[in-house]
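The structure appears below as structure tokens.
In what follows, chains carry the letters A, B, and so on, assigned in the order in which the sequence lines appear, proteins first and then strands, with residues in each chain numbered from 1. Predicted model only: the values in this text are computed from it and were never measured.
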Protein chains: 2
Amino acid sequence: MGISERKERQRAELREQILRVAREMVVKEGFSALSMRKLAEAVEYAPATLYLHFENREAIARELCVRGFGELLAALEPGAKVTEPLERLSVMGAAYVKFGLEHPETYRLIFMEDPRLSTELFQGASDGAGPRSFGLLAQVFEDLKSAGRIADTADPGRLAETVWAGLHGIVSLKLTCAAFRTSAEELRETLTETLVHGLPGLKPAR
Amino acid sequence: MGISERKERQRAELREQILRVAREMVVKEGFSALSMRKLAEAVEYAPATLYLHFENREAIARELCVRGFGELLAALEPGAKVTEPLERLSVMGAAYVKFGLEHPETYRLIFMEDPRLSTELFQGASDGAGPRSFGLLAQVFEDLKSAGRIADTADPGRLAETVWAGLHGIVSLKLTCAAFRTSAEELRETLTETLVHGLPGLKPAR
DNA sequence: GTCTATAGGCTGATAGAC
DNA sequence: GTCTATCAGCCTATAGAC
């Protein structure tokens, strides 16, 4: 059965090539610049051929989105190995921000384009990149809690969501608004540092 | 000179009507759904007429954007009157998040569509809505500092940018990703509370 | 499996008549 | 000031030939 296997292989290869080129276009010119016509031209096939491999444009977007989130997860994983939870928070936060700024169009695609895709990715099956990434972050607070280092009324999931939102704010503001003076990394540092220890030298009103 | 005045008035009225209808379209269907043709039809003029009042589509977007930021500023102003800085931070943060969620398309237009517009608004003349809004937030930390309630090494501008980024993260995540369990208001509360006081009951590693 | 050809839309913007 | 008519392009998606 070598022939049908070769055909299958060639089919999969073309599919990969389409995705590779599509990704390149999105990275270079943004998601809205991804058109089936241009994509077809770039892979040197007719537009109609694309529809034999993907149901429509959105299916391509979804696939790119899923892979993009996979890359974000991969960027977070090394930091997740740091033992000390607070240091881990810092390292993972820095990795998150770095990923967002170094892959702006991938980040945009994951979190700033289509609400349906973002939501799907985040709340999909628990072995998906979304839940796994979130789990890595939540683990920080679970570890602190089980070591008795934060109040046992603290809610790790809620703290993790708050941190994620903060990091997302830093990245997305940097991607859409160049007006902030402070660098992303400084903002990230201030965010985590202050979330952990509070305002420096805070005293109550007298 | 009554005649020319009436003409001028009518001209301004049409301009306002165009903006009003444009705003309605953006609010209802998002910015990308704002097309000159549809807009012309909605105001019952020919497409070409719009170009007598606005240079192009972007000019309309910019005007909507500027007004939108004005509304955000107006939403923040009442909270800025609260005397106690930390309470002020809380009230203004809640107002910010509330505005974003209640006017999602306006918020999108200001901060999530065109980087050029966002940047322009934020760093424009210091009497613009951007710098003024930011100033209100920064004042919180300036007040804390001048009252000696935070370390005199603290940087109010940096703290304000961090808080702004955090609030923006909450709003924008809620607008593009429905997967978070925690409500926006709870996230906002956790963010400000934790930024001020640090993690609840934090103890160092032993 | 791949092509050509095309249906059936949409867009911003402008020239020139009235 | 406003219109009609149009330029010059873009798009997704599909039918049917090869």
Salt bridge flag under 4.0 Å for residues A:Glu41 and A:Arg37: no

From D:dT2, D:dG1, C:dT4, nucleotide with atom closest to B:Arg11 side chain: D:dG1

Residue A:Leu52, side-chain atoms from C-beta onward, closest of D:dT2, D:dG1, C:dT2: C:dT2

Spacing of B:Arg15 atom CZ relative to D:dG1 atom P, expressed in whole Å: 14 Å

Carboxylate-amine/guanidinium proximity below 4.0 Å for A:Arg15 and A:Glu63: yes

Under-4.0 Å salt bridge between B:Arg116 and B:Glu120: no

B:His53 side chain near D:dT2 phosphate (N/O to OP1/OP2, under 4.0 Å): yes

Footprint string (nucleotides 12-17 of chain C, 5' to 3'): B base within contact, S backbone only, - free, heavy atoms under 4.0 Å: BBBB--

Pair B:Glu16 + B:Arg20, salt bridge at N-O below 4.0 Å: no

Separation of atom CG in A:Leu50 from atom P in C:dG1, rounded to whole Å: 14 Å

Sequence neighbours excluded - side-chain hydrogen bond (donor to acceptor under 3.5 Å, both in side chains) pairs with any residue from residues 168-197 of chain B: A:Arg158-B:Thr190, A:Glu161-B:Thr182, A:His168-B:Ser172, A:Ser172-B:His168, B:Ser90-B:Arg188, B:Tyr107-B:His168, B:Ser183-B:Glu186, B:Glu185-B:Arg188, B:Arg188-B:Thr192, B:Glu193-B:His197

Nearest-Å distance for atom pair CD/C1', residues B:Gln10 and D:dG1: 11 Å

Interatomic spacing from CZ in A:Phe111 to CG in A:Leu117 - rounded to 0.5 Å: 12.0 Å

A:Tyr45 OH - C:dT4 P separation (whole Å): 13 Å

B:Glu41 CD - D:dT4 C1' separation (whole Å): 15 Å

Nucleotide D:dA13, atom P - distance to CZ of A:Phe54 in whole Å: 13 Å

Nucleotide D:dG1, atom C1' - distance to CD of B:Glu44 in whole Å: 17 Å

